[in-house]
Amino acid sequence: MKLKSHHIYLFTLKNGKKKLGHGDNPEHALKILSYRLTPEEMAEITTDPPEIIRQPDLQKHVKDLG
Amino acid sequence: MTEKKILFVDLGEFGGLLGKHGPGAIDAMWQDHGLCLLRTILHEAGIQTDIASTRLCKDWNEFWPNLFGYDMIIMNVRSYRFGPAKMIARAFKDMNPNGIVLVGGMHASVAPEEMEAVEEFDHICKGPGEKAIVDLVKNHGDFPKMFDGPESARMEDWPRMDRMLWPKPLPPSPQAPTYPLEASCGWGPAPVATTITSRVCPFSCSFCNEISYIKPMERRSVESVIDEFNWLDAEYGPLGSTVMHDSLFFSQPQWLKEFIEKYPRRARRPWPYWAAARADLVRKWPDLFEALVRETNWTTVSIGFESGSDKVLDVLNKECTAEDNAFAIDLLNDIGDDLEAKGKQRPRFWANIMFAVPGESREDAFRTMKMWRRMKDPIPTLAYYAPYAGSALGYQLMAEGKSLMEKDDHQRYAGQPKVKGVDYRFYDDLLRGRYEREIAETPFP
């Protein structure tokens, strides 16, 4: 059993904004995002490698979210 | 120099300490540990303070006169009390134009920009206040408007709270006869002694994220926790039950093993208690969980089950599975059956359950209902997902323009729309029992 294995990712959107995701790896994080986003919203996420952020740094990135 | 007249303001629902709150409105009657700790520190440093509580008034007109004649007010601002805190600061400045308003609390950490924008807040402590409060009160002019409170490394560094510094509830409040102990909210018999043995859940659920804002601290020793209960029992008791308000009590196995060994022997009585766990940790350490329930009288087990759907648990970054939830439910059910057969009290879940999570389908919600029904005699606490500032998913939904929550209103309970695109009518109907057939046909886990 795994405990607390998820990373927090910042994906880049086509408009330059960022989207938070979480998961074991970027593919898993995108899968989890797809549970709540529409296909159109998912299509706005670029294929650029996402940045991994530290939990305590979350607030630094809030202004960039979209 | 004359002494400053300082007033702590306890924020909460009108009438909450007068017995005029709705049934189950536990937030209205709980006492505030942060406020009491800071008042204790100030009084031990020779700085006297008074206290006024909105919960001891029936409305604003009754409350306002409390603010006259003070040089300084201090408020612990949680997100769901941000609106009232702003109103009070403005009224205080109107009545006392030279008065100083000091604020801190969780909202300063999770939404500092909102706090800083309030002109009437003179100084805002972001983070813990216990090491800053004495200097701040004595020399507030030396502090900028927003500053970081220094961390304490160990909970043992805090003084033992003087609970007589809590606002005193008045009849017919059920808290009046138990003061400074607390009334029962259904978890265990009154009088109730509440405490904290550890701070901060280390997990990163996307609806919470407290670990982003509070640094971990060294847990209190087992002896210290038990000795405080013994002291409260001797001084104000006899205690009926206790509450350990830790975000995650069921952690640190060595500490828990020591608690199992010492609580039944060192405590004046092994009072039944409420404490929180996670389903995945129950599955990881089932023997430890069972020993705690059986040997230490853990009668109310709080678990954030949240959902019976793996998909929804993933959206919430719970890092638990529906299988974990089922395991914990079955284990406590089995322990309860055995204890009942022996004529003992069945332990109950205080079951945190969340609906209306973005991305949740009707079938997901039916799974959650099925999960709830698998528990024997639980005490359910139901929420509709709320996108709080400070949480990863909350920030993201706000950025997507999907939050329906007002900045001044952060309550989480079911019955109020919180996110665009969620069919709240379905959830209201679900909780009214309109989907019994669908629930029966849905599997869990």
Side-chain angles (χ1 to χ4, degrees), chain A, chain B residues 109-113 126 200-206 208-216 251 278-281 283-285 309-321 323-324 327 357-361 364 385 389-402 419 421-422:
Chain A
M1 185 191 328
K2 291 181 297 182
L3 288 174
K4 201 169 164 49
S5 62
H6 287 184
H7 297 294
I8 300 178
Y9 296 98
L10 266 184
F11 292 95
T12 303
L13 301 180
K14 288 176 182 169
N15 64 6
K17 293 280 193 178
K18 305 284 183 181
K19 199 169 288 289
L20 281 168
H22 53 258
D24 293 327
N25 51 53
E27 293 72 31
H28 186 219
L30 285 170
K31 184 179 171 193
I32 293 171
L33 276 171
S34 74
Y35 293 152
R36 68 169 192 85
L37 295 177
T38 64
E40 293 75 25
E41 289 171 318
M42 288 300 293
E44 290 300 307
I45 301 172
T46 69
T47 54
D48 296 348
E51 179 185 354
I52 296 180
I53 65 167
R54 291 175 59 245
Q55 180 83 11
D57 294 336
L58 177 63
Q59 222 159 26
K60 293 179 191 166
H61 302 281
V62 171
K63 64 182 187 315
D64 302 321
L65 298 178
Chain B
S109 294
V110 301
E113 70 295 340
K126 191 176 161 200
V200 190
C201 170
F203 288 82
S204 307
C205 300
S206 64
C208 172
N209 296 98
E210 71 173 7
I211 189 65
S212 294
Y213 306 102
I214 307 172
K215 292 218 172 93
S251 62
R278 282 173 56 93
D280 59 334
L281 296 182
R283 194 175 179 191
K284 188 177 186 198
W285 303 317
S309 155
D310 282 332
K311 191 183 92 184
V312 174
L313 291 167
D314 268 347
V315 171
L316 296 174
N317 200 24
K318 187 74 194 178
E319 301 202 55
C320 273
T321 63
E323 286 280 358
D324 294 334
F327 181 92
V357 176
E360 184 176 58
S361 67
D364 294 326
Y385 167 77
S391 67
L393 186 56
Y395 276 140
Q396 185 57 61
L397 288 165
M398 287 177 209
E400 292 170 11
K402 294 176 181 171
V419 178
V422 173

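A quick note: this is a predicted structure, and the numbers were derived from the prediction, not measured. A, B, ... follow the sequence lines: proteins, then strands. Residue 1 opens every chain.
Here the rule is side-chain contact (heavy atoms from CB on, under 4.5 Å) with A:Ile32, and of B:Asp314, B:Asn317, B:Leu316 only B:Asp314 fits it. The side-chain contact (heavy atoms from CB on, under 4.5 Å) test with A:Arg36 is passed by exactly one of B:Gln396, B:Glu360, B:Lys311: B:Gln396.
Residue contact with chain A, scored on non-hydrogen atoms closer than 4.5 Å, involves the side chain of B:Ser206 exclusively. Only the backbone of B:Ser109 comes within less than 4.5 Å of a heavy atom of chain A; no side-chain atom from C-beta onward does. Heavy atoms of B:Lys402 lying under 4.5 Å from chain A belong exclusively to its side chain. Neither the backbone nor the side chain of B:Leu313 comes within less than 4.5 Å of any heavy atom in chain A. Residue A:Lys63: no heavy atom, backbone or side chain, is found under 4.5 Å from chain B. Neither the backbone nor the side chain of A:His61 comes within contact range of chain B; no heavy atom of the residue lies under 4.5 Å from a heavy atom of that chain.
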Test log, rule side-chain contact (heavy atoms from CB on, under 4.5 Å), inputs B:Ser204 and A:His6: CA-CA 9 Å; B:Ser204 307; A:His6 287 184; over 6 Å; no
Go through it in stages, so that I can follow the logic: the residues are B:Met398 and A:Leu65, the test is side-chain contact (heavy atoms from CB on, under 4.5 Å), and I'd like the CA-CA distance, side-chain angles, deciding distance and then a yes or no. CA-CA 9 Å; B:Met398 287 177 209; A:Leu65 298 178; over 6 Å; no
Apply side-chain contact (heavy atoms from CB on, under 4.5 Å) to A:Leu58 and B:Tyr213, showing your working. CA-CA 10 Å; A:Leu58 177 63; B:Tyr213 306 102; 4.2 Å; yes
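Heavy atoms only, all atoms of each residue included: A:Gly66 and B:Ala399 are closest at N-CB, 3.9 Å.
A donor-acceptor pair shorter than 3.5 Å can be found between the side chains of B:Tyr395 and A:Gln59.
No more than 12 heavy-atom neighbours from other residues, nucleotides or ligands sit within 6.0 angstrom of NZ on A:Lys31.
For the atom pair B:Ser309 OG and A:Tyr35 OH, the distance stands at 8.5 Å (nearest 0.5 Å).
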